[in-house]
Amino acid sequence: MTRTTPERPVDIEAVIPDLSEHRGVATRLHPRPGTTTPERSSVGGPFLWPSDEPWPQCREPHKRRFGERLSEVRLTRKLLAAGPTEEEYELLRTFRRGRHAPWLTDTDPIPLLPVVQLRAQDVPGLSLPDDADVLQVFWCPFNAHGADRHVGVHLFWRKASEVTEVMAEQPEPEVVGRAEYVPEPCILHPEQVVEHQWGDLLPYSIRARLDDWEDWEDEDAVSYQFDLSIPPGWKVGGFAPWPVTGPEEVTCACGRRMDLLLTIDSREWDRGTRSWVPLEDRHVADTDANTPTRVVVGRGGRLMIFVCSQDWSHPHRLVLQ
């Protein structure tokens, strides 16, 4: 099923024509639970990974023996979705965080988890280096990487036609730091949408006109930030939102500007962004359908991945909002 973003409740460019100079296009990915295959764009794997290429591993030193068993995370979701029997409830009560992989040292390599695979033929606006047509994003599911203690994100890109035999048994870690870092397998329904720059990055003259236009006393009134600027949910490209820190300059170590590649969001919508709920999901807008991937980053925010505007081989950067 396709996903269709409703028309914006207000044509803000008709109200403030200068906003046309601050318009952009992003691709909402609209992940929804479903049966995935290596040949499709998807969340949670399996990936189009060659059988003769080593599966990527995390080799950064950090504690990796304590957490939740990956098998128990998946079984818990399966049983709760189906409605567990009393016996199954008793089984679920035995699942605990703990030292489930005592044999692992802090430097033993562990398999990365597949997060999202994007094929250029499926995702409008996805531009990859050289002649690659597949982007694969993995992470190490522990808050232990870098100065900001994020999950450890790794990017790979390749040509699909060069994968002649797919790895059948794709390795997984025994333990994950948090269940919320285990993506539920989802099919993607990419859709290009128009968005507008984050309000704090607009010229003062436009911000002043927006302040005059917005009805601050009516909590149900249309809001530029929530209804007309940047859509929620997983997306490729577009503008970055800055609700937590305020706008930051994201610059590569080489000194060049970095572009927003991918946004991984904890929710597809919330109370403040209901106007973005796809038409096909309106009947489930008040259920937990807004968390299809089961991924939660930070305290329920967005993880944004930026890449160098000139050279993707330069280290990417992560920003959590």
Side-chain angles (χ1 to χ4, degrees), residues 1-14 16-17 19-34 36 39-43 115-129 131-137 155 157 160 186-199 201-202 222-242 250 257-270 273-282 285 289-290 292-293 295 302-307 309 312 321:
M1 180 186 293
T2 59
R3 289 300 188 277
T4 309
T5 297
E7 289 188 13
R8 296 301 77 218
V10 170
D11 180 359
I12 194 60
E13 291 184 17
I16 305 176
L19 272 169
S20 62
E21 299 177 10
H22 304 276
R23 178 201 307 145
V25 176
T27 301
R28 301 185 74 187
L29 295 177
H30 298 306
R32 299 294 184 270
T36 61
E39 293 74 28
R40 302 184 69 170
S41 294
S42 64
V43 165
V115 179
V116 60
Q117 174 172 276
L118 303 174
R119 300 194 63 166
Q121 67 183 27
D122 301 330
V123 183
L126 178 63
S127 179
L128 300 176
D131 56 354
D133 57 9
V134 181
L135 172 67
Q136 295 166 321
V137 181
L155 308 180
W157 49 92
C186 287
I187 298 169
L188 304 182
H189 305 84
E191 176 201 22
Q192 282 195 302
V193 296
V194 171
E195 58 180 26
H196 291 88
Q197 180 61 275
W198 184 250
L201 291 172
L202 294 171
V222 174
S223 162
Y224 177 79
Q225 176 175 323
F226 294 117
D227 299 306
L228 308 174
S229 177
I230 300 171
W234 291 49
K235 69 167 188 164
V236 166
F239 294 121
W242 302 98
V250 185
R257 182 195 79 251
M258 300 193 83
D259 294 330
L260 177 58
L261 170 64
L262 176 68
T263 300
I264 295 173
D265 205 333
S266 299
R267 294 178 179 84
E268 287 292 284
W269 62 83
D270 57 21
T273 56
R274 285 177 61 92
S275 71
W276 294 96
V277 176
L279 298 176
E280 295 82 1
D281 293 322
R282 289 292 175 151
N290 67 335
T293 67
V295 168
R302 298 175 173 102
L303 182 68
M304 298 183 289
I305 304 173
F306 289 81
V307 292
S309 59
W312 278 40
Q321 290 291 307

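Treat the numbers as computed from the prediction; the structure is a model and nothing was measured.
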Shortest non-hydrogen contact from [X] toward [Y]:
X    : Y    : answer
L128 : V134 : CD1-N, 3.4 Å
P190 : T27  : CB-CG2, 3.8 Å
P33  : C186 : N-SG, 3.6 Å
I187 : G34  : CD1-CA, 3.9 Å

Taking atom [atom1] of [X] and atom [atom2] of [Y], what is their separation to the nearest 0.5 Å?
X    : Y    : atom1 : atom2 : value
F306 : L262 : CZ    : CG    : 11.0 Å
L29  : K235 : CG    : NZ    : 10.5 Å
L279 : T2   : CG    : OG1   : 9.0 Å
I12  : H22  : CD1   : NE2   : 12.5 Å
W157 : L118 : CH2   : CG    : 13.5 Å
S127 : L135 : OG    : CG    : 11.0 Å

Counting C-beta onward and ignoring hydrogens, is there a side-chain heavy-atom pair between [X] and [Y] closer than 4.5 Å?
X    : Y    : answer
T36  : Q117 : no
L228 : V222 : yes
T5   : H30  : yes
T293 : V115 : no
F239 : L201 : no
P6   : R282 : yes
I16  : Y224 : no
E195 : P231 : yes

Which residue pairs satisfy the salt bridge (charged side-chain N to carboxylate O under 4.0 Å, His left out) criterion with at least one member in residues 115-124, sequence neighbours excluded?
->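 Checked against salt bridge (charged side-chain N to carboxylate O under 4.0 Å, His left out) - neighbours excluded - no pair reaches residues 115-124.
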Should T263 and I230 be marked as a side chain to side chain contact (heavy atoms under 4.5 Å, CB included) after you check the CA-CA gap, both sets of side-chain angles, and the distance that decides it?
-> CA-CA 11 Å; T263 300; I230 300 171; over 6 Å; no
With sequence neighbours excluded, residues passing side chain to side chain contact (heavy atoms under 4.5 Å, CB included) with A120 | D133
Under the side chain to side chain contact (heavy atoms under 4.5 Å, CB included) rule, collect the residues that match up with V194, sequence neighbours excluded.
-> R23, H196
Report the residues that fulfil ring pair (Phe, Tyr, Trp, His ring centres under 6.0 Å) with W269, sequence neighbours left out, ordered by chain and then residue number.
-> none
Who pairs with W276 by ring pair (Phe, Tyr, Trp, His ring centres under 6.0 Å), at least two apart in sequence or on another chain?
->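 Here no residue qualifies.
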Looking just at side-chain N and O atoms, do E280 and T4 make a donor-acceptor pair shorter than 3.5 Å?
->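 Looking only at side-chain atoms, T4 and E280 do form a donor-acceptor pair, the distance falling under 3.5 Å.
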Using the test salt bridge (charged side-chain N to carboxylate O under 4.0 Å, His left out), find all partners of R302 that sit at least two apart in sequence or belong to another chain.
->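 Result, salt bridge (charged side-chain N to carboxylate O under 4.0 Å, His left out) vs R302: D265.
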Within the side chain of R3, is there an N or O that forms a donor-acceptor pair under 3.5 Å with the backbone of L188?
->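 Answer holds: no.
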Can you check side chain to side chain contact (heavy atoms under 4.5 Å, CB included) on V250 and D259, steps first, answer last?
-> CA-CA 8 Å; V250 185; D259 294 330; over 6 Å; no
With side chain to side chain contact (heavy atoms under 4.5 Å, CB included) as the test, would you mind laying out the steps for L19 and E13 before giving the verdict?
-> CA-CA 6 Å; L19 272 169; E13 291 184 17; 4.3 Å; yes
Salt bridge between E268 and R32, side-chain N to carboxylate O under 4.0 Å?
-> yes
